[in-house]
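Starting from 1, each residue takes its place in the sequence as its number.
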Amino acid sequence: MLISAYAACAFASFLYIVYLTSKAKRQNIYPYLTCVVMLICNTGYLALAVSKTEEAAILANDLTYMGGCFMPLLQLFIAAELCKINIPRPVRLIMVSFSFVVMCLVFSTGHSDIYYRSIELRQAYGATYLVKEYGPAHNAYSIMLYAYMTMTFVLLIYSIRRKSTVSYITVRKYAIIMFFIAFVYIIERATGTKAELVPFAYLISEVLIIRIYSSLDMYDMTANVMNVWEKMETYAYIQLDRNRNYVGSSNLAKHYFNELNDQKIDFPLTLNPGSPLNSLLGNLDNLPKEGRSEPVKIRAGEIILSASLNRLYSGTKEQEIGYVMEFFDVTKEEKYLESIKSRNIRLAVAEAAAQQANIAKNRFLANMSHEIRTPVNTIIGMNEIILRDSTEDEIKEHAYDVKNAANTLLGIINQILDLSKIESGKMEIEKNEYRLNDLLTNLYRMSIGRAKSKGLSLDFQVESDLPSILYGDDSKIKQIISNLLTNAIKYTEEGGVVVRFERMKDMEKQKNTDKNTLIMRVSVEDTGIGIKKEDMIKLFQPFERLDMEKNRNIEGTGLGINITQRLLFMMGSKLDVKSEYGEGSVFSFIIAQSIRDQSPVGEFKPIAPRKRLKAHKIGFTAPDAEILVIDDNIVNIQVFTGLLKPVKCKIDQGTSGDICLAKTKEKKYDIIFLDEMMPGKSGTQTLKELREDRDNPNAETVVCALTADALSGAREKFIEAGFNDYLSKPVNIEELEKMMKKTLPPELVRTGG
């Protein structure tokens with residue numbers, strides 16, 4: 001039994017050395033080792049009290065020292081941990097080694113007088129005890145014991161006075177326990193009592209230590225976790241107990257908030273009035289029962305922190321033990337977000353400026369449209385009347401020249417307005433059924449005169465098996481081809497222009513289409529001056545003119561190709577250009593059109609226009625129709641009434657919105673033509689008053705807007721305002737005729753001139 005007891009003691013000693021010198025988390029090891037050591041020590045005292053032989057008593061005495069040699073050392077280590085004072089590992093190793101040597105000397109009892117000079121077994125009151133005469137080793141042990149206990153008290157008193165430990169209350173409790181053990185030990189030595197009082201003191205202290213550690217807050221139970229947090233450079237925290245008293249904080253938190261360096265533990269936070277922590281503390285009352293609060297941004301000087309609050313519970317989550325404030329440095333992220341916001345603001349400002357510039361541009365174009373188209377309306381309208389009524393050939397010749405010049409000017413204006421419509425996204429594809437032969441004939445007649453005037457040939461090569469009737473936006477297709485033809489003739493001095501219409505034979509183009517869809521390739525080839533390679537990039541830019549030194553005498557705005565390309569994009573196509581400078585160019589595009597009649601168009605036979613186009617003659621009369629024309633410009637009224645003269649209708653006129661309202665109360669009209677831009681009431685305001693006056697006999701009369709505004713969305717704007725139709729100036733006599741035939745009651749219209 002003696003051998004087994006010593007073997008157990010040796011094995012326990014080995015475990016102590018491993019534990020005390022390991023790199024394990026000491027906050028978890030020391031408290032529990034203390035309890036184990038106390039248990040071993042008290043077990044030895046109990047064994048001593050019941051020993052019957054001297055040999056058993058000496059063994060029991062050795063067992064008490066096996067715990068007693070390490071007890072004061074462990075208590076010192078615990079105090080150091082509570083006070084956050086690090087004892088270097090070599091020093092700890094020396095202390096453990098010294099205790100181990102003392103324990104070995106105790107084991108030599110009975111073989112030498114180094115620790116005890118003499119030892120005698122006695123009994124009193126039914127208990128066994130040893131009478132000892134101490135040797136030099138015991139004196140060294142006593143000095144070690146007093147030294148460790150003194151150092152422990154110094155650390156605890158220092159910590160209590162400085163109030164800087166993890167838990168001020170825990171330190172005080174531990175100091176009381178240590179004081180109790182020291183007090184009993186001193187009483188026992190001072191009185192020389194034969195009773196062993198220290199075992200009872202160890203037993204009581206063991207119970208108290210277990211009680212302390214079982215009731216500790218989570219901060220003390222997880223001190224090792226807190227220490228890890230402190231070492232994390234990107235994490236900061238502040239701990240509060242359940243009463244919202246300060247428990248501790250990480251070094252990083254103290255770096256962010258300097259006021260924490262002077263904060264006392266177990267006292268409420270003492271904050272400066274302007275501290276950002278004040279607002280955070282105010283959110284504790286609204287903190288959710290579980291989980292973190294929503295993170296908020298606070299500033300610590302130049303640093304931006306994401307701060308959140310969290311309730312802390314005991315291991316079973318049954319008892320709330322405090323709070324923790326967590327802080328993360330998000331300065332870089334916030335500055336990046338601020339830079340994005342700043343950029344977005346700049347973009348918004350730039351977008352607003354661009355919108356204002358676009359509004360200003362559209363306003364300018366509207367004014368230009370009105371100011372230029374109004375006199376052009378007079379020129380074209382009066383000239384149309386001259387062509388219709390004049391019988392002198394010389395006057396008609398001059399009138400034709402005026403008409404051509406006015407149409408050229410009108411074409412330039414329309415190009416600018418077309419560009420505005422496309423840029424604003426309000427130009428739409430308007431599909432309808434059309435005859436391919438009519439499209440070809442119109443294009444030929446529009447271009448042949450100009451080609452012949454320059455001595456150029458114009459050849460239309462059309463595949464005879466193309467379908468005769470198609471469905472699509474023929475007006476835009478005509479505009480595209482017309483632009484290409486105009487440019488080809490304009491930049492060609494010798495030779496001619498060839499226009500080709502052919503069905504695409506490439507199966508790759510046709511495989512995704514049905515038999516009712518035509519994939520057609522249109523090309524315009526000229527023998528003109530061609531385009532330099534370096535100028536190709538300028539070709540599609542608006543207002544760009546190529547080779548200005550050579551082409552300075554050629555008219556144009558530089559918008560035709562740009563508009564052509566944009567129109568093709570709208571129809572799902574694009575313009576392809578091949579050119580050799582000095583030899584000529586080929587402009588082509590591929591377009592899909594629905595087929596309405598598969599019968600072939602046959603051989604295209606161009607019909608040259610007569611030398612002079614006659615003035616358009618209106619093909620109906622309406623002598624009983626009542627018409628009201630309102631325009632603030634007298635000349636415009638004269639032009640309009642002159643154009644309507646062949647209709648033989650009854651026309652009243654006025655120059656303001658008020659006159660319009662007065663006249664409509666006196667007579668019922670079949671059509672009212674109302675100018676938009678007038679002083680006083682505009683056309684829209686006049687129409688609104690007319691529609692709202694339910695007693696007015698013309699409240700439901702057809703009202704057509706007359707305006708020089710031909711910008712994008714103009715028709716939609718007027719229809720939405722309540723107008724029934726819309727005519728832009730200069731008024732096209734054919735459109736006027738079509739509008740009147742559609743609007744006038746059938747019984748008032750008489751066919752024929």
Side-chain angles (χ1 to χ4, degrees), residues 366-392 395-396 398-414 417 613-623 625-657 659-660 663 669-679 682-683 686 702-710 714 718 723 725-741 743-744 753:
N367 291 334
M368 185 198 73
S369 172
H370 183 268
E371 297 301 325
I372 297 179
R373 292 174 75 94
T374 296
V376 170
N377 175 58
T378 302
I379 294 170
I380 293 178
M382 288 295 188
N383 196 66
E384 189 70 27
I385 295 172
I386 293 171
L387 283 171
R388 185 185 64 201
D389 296 342
S390 178
T391 57
E392 298 182 24
I395 293 176
K396 286 190 175 184
H398 294 317
Y400 282 125
D401 292 337
V402 171
K403 182 174 183 177
N404 289 334
N407 286 334
T408 299
L409 177 60
L410 188 60
I412 294 173
I413 296 172
N414 287 337
L417 297 180
L613 291 174
K614 292 184 179 180
H616 178 77
K617 289 187 177 181
I618 295 179
F620 75 96
T621 60
E626 296 285 350
I627 308 296
L628 176 61
V629 181
I630 302 295
D631 197 311
D632 63 310
N633 190 310
I634 297 297
V635 178
N636 284 343
I637 293 178
Q638 292 175 354
V639 170
F640 199 83
T641 55
L643 292 175
L644 287 179
K645 185 177 180 181
V647 180
K648 300 178 182 179
C649 56
K650 300 172 184 177
I651 301 175
D652 288 342
Q653 54 188 258
T655 56
S656 70
I659 294 176
C660 174
K663 286 184 174 293
Y669 293 100
D670 297 299
I671 304 177
I672 300 173
F673 293 95
L674 183 59
D675 186 30
E676 168 61 16
M677 295 184 68
M678 296 185 296
S682 67
T686 303
V702 173
V703 181
C704 178
L706 287 178
T707 179
D709 180 7
F718 287 114
F723 288 93
D725 214 326
Y726 159 93
L727 287 176
S728 64
K729 300 175 185 178
V731 176
N732 183 291
I733 186 63
E734 295 179 10
E735 291 181 2
L736 175 61
E737 178 184 9
K738 187 186 300 184
M739 180 265 172
M740 292 190 68
K741 288 180 69 175
T743 304
L744 286 173

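Between the CE atom in M740 and the CD atom in E735 there is a gap of 14.5 Å [rounded to 0.5 Å]. In this structure, CG in L706 is found 10.0 Å from CE in M678, a value given to the nearest 0.5 Å.
Exactly one residue among L727, I630, V702 makes a side-chain contact (heavy atoms from CB on, under 4.5 Å) with F673. That residue is L727.
Under the side chain to side chain donor-acceptor pair (under 3.5 Å) criterion, D670 pairs with no residue at all, not counting sequence neighbours. With sequence neighbours excluded, the residues forming a side chain to side chain contact (heavy atoms under 4.5 Å, CB included) with D652 are L628, K667, Y669, listed by chain and number. Every residue meeting the side chain to side chain contact (heavy atoms under 4.5 Å, CB included) condition with P679, not counting sequence neighbours, appears here in chain and number order: D632. Every residue two or more places apart in sequence or in another chain that forms a side chain to side chain contact (heavy atoms under 4.5 Å, CB included) with I651 is listed here: I627, V629, T641, L644, C649. Partners of K741 under the side chain to side chain contact (heavy atoms under 4.5 Å, CB included) rule, at least two apart in sequence or in another chain, are F620, E737.
When every heavy atom of C660 is checked against every heavy atom of L674, the shortest pair comes out as SG-CD1, 4.2 Å. Here the shortest heavy-atom pairing between M739 and C704 reads CE-CB, 3.6 Å. Across all non-hydrogen atoms, the minimal contact from E626 to K650 is OE2-CD, 3.2 Å. Smallest separation of non-hydrogen atoms from T621 and P646: CG2-O, 3.5 Å. Considering every non-hydrogen atom in both T707 and D675, the closest pair reads CA-OD1, 4.2 Å.
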